[in-house]
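A quick note: this is a predicted structure, and the numbers were derived from the prediction, not measured.
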Amino acid sequence: ECEADGTLGRIDKVMQFTGFEIRVYLRIPRGTSEEEARRVLARAKDNCLVSRSLKAPCGFVAHVDVAESTEAA
């Protein structure tokens, strides 16, 4: 799951986005490496065509949650 917020501002009297924050929520099954899940999310961020094409800075916040059961919900 992910959410994104954009901030609007005026630059040289033109209204445009001045920043973005993307929040990613990943639930992984118990027994899965949380460190590896974070590395995969970082690679996805670095290779995202949409965020790489934006002019404004793009913040990225990753939340990794380990599922209670062996199945990721």
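Between D46 and R52, no side-chain nitrogen of the basic residue sits less than 4.0 Å from a carboxylate oxygen of the acidic one, so the salt-bridge criterion is not met. Under the 4.0 Å criterion applied to side-chain N and carboxylate O atoms, R39 and E36 are assigned as salt-bridge partners.
The minimum heavy-atom distance between P29 and A67, with the atom names listed, is CA-CB, 4.4 Å.
Two residues are said to be in side-chain contact when any heavy atoms from C-beta on lie closer than 4.5 Å; E21 and V61 meet this criterion. Residues L26 and L41 are in side-chain contact: their nearest non-hydrogen atoms beyond the backbone lie under 4.5 Å apart. Residues L8 and M15 are in side-chain contact: their nearest non-hydrogen atoms beyond the backbone lie under 4.5 Å apart. Side-chain contact between F60 and R23: absent, with no pair of heavy atoms (C-beta onward) separated by less than 4.5 Å.
Note on V50: it does not cluster hydrophobically with F17, by side-chain heavy-atom contacts below 4.5 Å among ILVMFWY residues. Linking Ile, Leu, Val, Met, Phe, Trp and Tyr residues whenever their side-chain heavy atoms come within less than 4.5 Å places I22 and V64 in a single cluster.
Side-chain atoms of T18 come within 3.5 Å of backbone N or O of T7 as a donor-acceptor pair. Remark: side-chain polar atoms of T32 are not paired, donor with acceptor, to backbone N or O of I28 under 3.5 angstrom.
Annotation: the span from Q16 atom CD to R10 atom CZ amounts to 10.5 Å, rounded to 0.5 Å. Taking NE2 from H63 and CZ from R27, the interatomic distance works out to 13.5 Å, rounded to the nearest 0.5 Å.
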Next on the checklist: Would E34 and V66 count as a side-chain contact (heavy atoms from CB on, under 4.5 Å) here? Give the steps.
Outcome noted: CA-CA 8 Å; E34 186 174 337; V66 179; 4.2 Å; yes
